[in-house]
Amino acid sequence: MALMVQKFGGTSVGTVERIQLVAGKVAKARAGGDKLVIVVSAMSGETNRLTALAMQIQPQPNVREMDVLLSTGEQVTIALLCMALKEEGVEAVSYTGSQVKILTDDAHTKARIERIDDDKMRSDLDRGKVVVVAGFQGVNATGDITTLGRGGSDTTAVALAAALKADECQIYTDVDGVYTTDPRVVADARRLEKITFEEMLEMASLGSKVLQIRAVEFAGKYCVPLRVLSTFKEGPGTLITLDEENSSMEQPTVSGIAFSRDEAKISVLGVPDAPGVASKVLSPIGEANIEIDVIVQNVAADKSNDITFTVSRSDVDKAKSILQDVAAELGAREVVTDNKIVKVSIVGVGMRSHAGVASTMFRALASEGINIQMITTSEIKISVIIDEKYLELSVRTLHSAFGLE
Ligand code: ASP
Ligand code: MG
């Protein structure tokens, strides 16, 4: 008899019919003998609707009241799901985050979980009940309701699974797993049976949005086996686990191709080639809370420097205006920006033990006449910045170059 935490996202509980469908699935799993803790999100669109209401009154809503407001979305779903479960003949009990004592810090709207009191859940489980917990919310030490940030129900599920030492944390969603790349771009993208936490983080942060990044980090830290699977389609989904040693012989070199369209490039041309210049250019960007991704610096024949880096598209204008002053101070020739770029990455823990991965990648791109503008690497990833018009072509080319279909 296993202990499972199952999380159902907003689209899985978006209507009464879907809530009934989820209740049916839960009833079936319960009949199989598993102990079950169910975490649900708000019905799809609900958190956005509540946010819009608040903004009509306060453009910058008071964060304490915002949490009181947003937490109602999940409270609706836990009650409805328990009712549906009772109709299925399953004994179930619903709890808000504060009732199960998901204790968080005080950071309203982006709180972090500090401790979970699992006594109540354990005694319900021992009595054969299914425990239904509201995702995305907790309570701080003073008893105020907090929320965990958008997409936070995934984190609730992983945290409960860690606290209860569950056998698996299953995230039910509207896709049936994690794919080698986006199936909308490559028709023969394949569902992965397994992927490591590290790879999943790279895939997620690079734009294959299936799971909240924080939830994956949390699961990795506490070694909670995570599975992504579909609410609407039977199947094993994708298991996200630790990198098992000795498996590298069979491991494919590259597990997936990730990409991001939200990229823009800024170049500061003709700055002096001297100590401290990179810091003068990049520090004010960091101070303005703009995240910098890929950085390239190259020295021209006349001993002047060009510094180029990428930021998210929404930050590029702000970054450019900050740099105008710095550029004037450094006597730079020009600050130029380019919005029409994308980042494409190959990801795989298997890269650690294989040489020649980069050359395979660059050769494949060259064979299609795709120019690489910038390159960055880590142990398990190689990313290139290219013209946005080559996004689909490059992803398809790399997908087949690494035999992922
Ligand atoms: N309802 C919250 C949101 O929409 C939390 C979640 O769905 O995970 O962000
Ligand atoms: Mg969600």
Side-chain angles (χ1 to χ4, degrees), residues 5-16 18-19 21-22 26 37-55 61 63-82 94-100 102 104-105 107-113 116 131-140 144-163 169-175 178 200-201 204-205 207-219 224 226-232 237 240:
V5 174
Q6 300 185 330
K7 181 253 170 179
F8 293 89
T11 46
S12 304
V13 293
T15 62
V16 163
R18 289 191 169 183
I19 291 175
L21 185 110
V22 167
V26 173
V37 173
I38 311 297
V39 174
V40 283
S41 289
M43 295 169 78
S44 55
E46 184 60 10
T47 310
N48 289 341
R49 187 184 74 84
L50 294 169
T51 305
L53 286 178
M55 306 274 269
V63 289
R64 182 190 181 279
E65 303 314 325
M66 196 63 182
D67 281 349
V68 175
L69 178 70
L70 292 187
S71 66
T72 61
E74 273 71 11
Q75 189 168 339
V76 168
T77 345
I78 53 170
L80 293 177
L81 179 59
C82 277
S94 71
Y95 292 118
T96 64
S98 75
Q99 284 177 303
V100 273
I102 297 181
T104 72
D105 62 15
H108 283 292
T109 75
K110 46 177 187 297
R112 300 217 155 233
I113 298 175
I116 292 176
V131 176
V132 180
V133 179
F136 171 61
Q137 55 178 264
V139 63
N140 68 13
D144 287 334
I145 296 171
T146 53
T147 64
L148 309 179
R150 296 307 303 266
S153 297
D154 289 346
T155 300
T156 304
V158 171
L160 289 177
C169 180
Q170 304 180 326
I171 308 283
Y172 282 90
T173 176
D174 44 7
V175 294
V178 179
M200 187 61 207
L201 283 172
S205 63
S208 316
K209 297 180 203 74
V210 190
L211 279 172
Q212 199 204 27
I213 291 179
R214 222 173 109 193
V216 180
E217 283 168 355
F218 205 115
V224 176
L226 251 187
R227 190 183 293 276
V228 175
L229 58 189
S230 165
T231 307
F232 309 107
I240 308 161

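Numbering of ligands and ligand atoms starts at 1, following listing order. Just so it is clear, the values below take in all heavy atoms, side chains as well, and ignore hydrogens, waters and symmetry mates. All of these numbers come straight from a predicted model, not from anything done at the bench.
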Pick one of side chain, backbone, both or neither for how E74 approaches ligand 1, counting any non-hydrogen atom pair under 4.0 Å.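 Looking at E74 and ligand 1, just side chain atoms fall under 4.0 Å.
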Can you sort out which atoms of ligand 1 are near R150, meaning under 4.0 Å from one of its heavy atoms? 3 (C), 4 (O), 9 (O)
So if I count the atoms of ligand 1 from 1 in the order they appear, which ones are less than 4.0 Å from some heavy atom of S41?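 Numbered from 1, ligand 1 contributes 6 (C), 7 (O), 8 (O).
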Against ligand 1, does G73 come closer than 4.0 Å with any heavy atom? no
Taking a cutoff of less than 4.0 Å between a non-hydrogen atom of the residue and any ligand atom, is G151 in contact with ligand 1? yes
Does either side chain, that of T146 or that of T104, offer a donor lying less than 3.5 Å from an acceptor on the other one?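 Yes.
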Of I102, V40, V100, the one forming a side chain to side chain contact (heavy atoms under 4.5 Å, CB included) with T156 is I102
Have a look at L160 and tell me which of I38, T155, V39 forms a side chain to side chain contact (heavy atoms under 4.5 Å, CB included) with it.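 Output: one option passes, namely V39.
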Out of curiosity, R150 CZ to F136 CZ, how far, rounded to the nearest 0.5 Å? 6.0 Å
When you compare ligand 1 with F136, is there at least one nitrogen or oxygen pair between them that comes in under 3.5 angstrom?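 Between F136 and ligand 1, no N or O pair is found under 3.5 Å apart.
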For E217, is there an ion pair with R214 - N to carboxylate O distance below 4.0 angstrom?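 So R214 does not pair with E217 through a salt bridge.
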